[in-house]
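Working notes for the structure below.
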Amino acid sequence: MRIAAGSVCVTIVLVLTGCSSLNPFSSKKASSNVPAELTEFKQTMDARSAWSVNVGKAGDFVFTPAYTYDSIFAAAADGTIIRLDAASGREQWRINADVPLTAGVGSDGDTVAVAGEKGVILAFDANGKLRWKAQASSEILSAPAVGGGLVIVKSMDNRIAAFDSYSGARKWAVQRTAPLLTLRSSSGIVIANSNAIIALPGGRLLALSLLNGGVRWEIALGDPRGATELERIADVSGFPVVFERQVCAVTYQGRVGCVDLVNGAAQWGREFSSDVGLGIDERFVFAANEKGSVHAFTRDGGQSVWRNDKLAYRRLTTPVSFGRAVAVGDGMGYMHFLNREDGSLIGRMSSDGSPILSTPLIAGDKLVFQTRSGTLMAVTTE
């Protein structure tokens, strides 16, 4: 069952009983909020395409490219997986997984992992040769995390499973209870040091040992509040971000905040609501709320630095720090560049007109993003 809440759609997920759910990233998603019109401004950052490749359409899913060892890996809903040279965009190989895909790509440069329909997990070597297939307990919507000799996935029934990256043997699995009502989104896993940090429904962050899946810590970033199940949705959105010994994340209808990577101790938090993840750098944490406002907070204490409301209801991506700018994509295929210090617009460029859904990726001196229609574009700025 799908319910519209402002510009965000939520779904009742009853995966244990075999019920299905609708995708909030569908182009049919309705909203009563009119996206802000783009206004003219003096562009002081010249953004241009360095290269562009068509991977294939994303369909109703979100595909995020991966960057490692000077290569870009990307995937599409029809099963296409490609490896490109990050500098030139030259295609190194293109294969088909022979199964429709729902999420990807995760890679450490040696193993390339994607998720297929009905929860199948596929791992390939760096040359595109299939290593193994495995089966998750339910559908997977976020890219597998690859590192420490493991491929780790989170399925929609709130089960986290780790597989040996070379053999596909299951090493461990952890089950968490899912709330009745959740965002159907691509919140995921980040590997940091010897931990897997997992974004969970219900506003929880979980740190597991890579060695055996043991719980290092688990904290409530955003406690569900409200009289109805809809009001109580407080899922962690997007992927957690890590900087040095700090883990930061944001929830829907909850909070944005940071905790200690080692023990999960809270460092700061403040009320916020977002259905995408965070950006982070040495000074700031960047967030976009579900109404389309982009915010910057100090990384060490969470004080508000600036807010930009010029992109209201344009269905923004996770914002990322890119040189002197903060880059954020929108649902109309534009990439916007905001001044990192004060949030003012300093640059803009268009792509193919279809939504940019994935988190923009920093690949050396380039910004790489993927659209729903399948354009994989690298951007340079001056």
Side-chain angles (χ1 to χ4, degrees), residues 15 20-28 51-68 71-86 89-146 151-156 161 163-168 184-186 188-189 351-352 354-359 361 368-378:
V15 292
S20 61
S21 55
L22 299 178
N23 196 312
F25 301 110
S26 168
S27 59
K28 297 180 181 179
W51 52 259
S52 179
V53 175
N54 189 275
V55 183
K57 294 181 179 180
D60 288 335
F61 303 100
V62 176
F63 290 91
T64 302
Y67 170 66
T68 180
S71 291
I72 302 288
F73 299 90
D78 65 358
T80 298
I81 307 171
I82 64 172
R83 178 177 180 173
L84 306 173
D85 177 75
R90 180 178 60 85
E91 194 170 297
Q92 297 176 333
W93 49 257
R94 178 182 291 252
I95 62 172
N96 194 283
D98 295 326
V99 60
L101 301 181
T102 61
V105 178
S107 180
D108 61 358
D110 184 54
T111 301
V112 181
V114 295
E117 65 178 4
K118 300 180 181 178
V120 65
I121 308 155
L122 303 98
F124 302 82
D125 67 18
N127 296 313
K129 181 179 179 181
L130 180 66
R131 276 190 183 154
W132 51 264
K133 291 183 181 181
Q135 183 63 49
S137 52
S138 67
E139 185 181 36
I140 299 168
L141 295 181
S142 60
V146 182
V151 174
I152 307 173
V153 298
K154 178 173 72 74
S155 48
M156 285 297 291
F163 302 83
D164 185 277
S165 60
Y166 289 96
S167 69
R184 179 175 164 85
S185 64
S186 55
I189 303 168
S351 58
D352 60 12
S354 70
I356 302 171
L357 300 176
S358 65
T359 299
L361 172 71
V368 178
F369 62 89
Q370 187 171 344
T371 72
R372 175 182 281 155
S373 291
T375 298
L376 183 69
M377 182 180 290

Locate the shortest heavy-atom distance separating [X] from [Y]; write the atom from each residue and the value.
| X | Y | value |
| --- | --- | --- |
| L122 | A97 | CD2-O, 4.0 Å |
| A75 | L101 | CB-CD1, 4.0 Å |
| Y67 | A86 | CE1-CB, 3.7 Å |
| S142 | G188 | OG-CA, 3.7 Å |
| V105 | A74 | CG2-C, 3.6 Å |
| A143 | A103 | N-CB, 3.9 Å |

How far does [atom1] of [X] sit from [atom2] of [Y], to the nearest 0.5 angstrom?
| X | Y | atom1 | atom2 | answer |
| --- | --- | --- | --- | --- |
| S165 | I152 | OG | CD1 | 10.0 Å |
| F163 | K133 | CZ | NZ | 14.5 Å |
| S138 | K154 | OG | NZ | 9.5 Å |
| I95 | R83 | CD1 | CZ | 11.5 Å |

According to side-chain contact (heavy atoms from CB on, under 4.5 Å), who are the partners of [X], at least two apart in sequence or on a separate chain?
| X | value |
| --- | --- |
| A113 | P144, V146, V151 |
| S358 | V62, T64, P65, Q370 |
| T371 | S351, D352, S354, I356, F369, S373, T375 |
| P355 | R315, L357, R372 |

According to the side-chain hydrogen bond (donor to acceptor under 3.5 Å, both in side chains) rule, which pairs have a member within residues 93-109, sequence neighbours left out?
E91-R94
Within a strict 4.5 Å, meaning less than it, do heavy atoms of the F63 and V114 side chains meet?
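No. Closest side-chain heavy atoms not under 4.5 Å.
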Tell me, do F61 and L141 make a side-chain contact under 4.5 Å, heavy atoms counted?
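Yes, close enough: below the 4.5 Å cut-off.
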T68 and F73: CA distance, side-chain angles, deciding distance, side-chain contact (heavy atoms from CB on, under 4.5 Å) verdict
CA-CA 8 Å; T68 180; F73 299 90; 3.6 Å; yes
side-chain contact (heavy atoms from CB on, under 4.5 Å) partner of V55, chosen from I72, L84, L376, I81
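Result for side-chain contact (heavy atoms from CB on, under 4.5 Å) with V55: L376.
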Would you please name every residue forming a side chain to side chain donor-acceptor pair (under 3.5 Å) with T80, sequence neighbours left out?
D78
Test salt bridge (Lys or Arg N to Asp or Glu O under 4.0 Å) applied to D110 - qualifying residues, sequence neighbours left out
R131
Test log, rule side-chain contact (heavy atoms from CB on, under 4.5 Å), inputs D164 and W132
CA-CA 10 Å; D164 185 277; W132 51 264; 5.9 Å; no
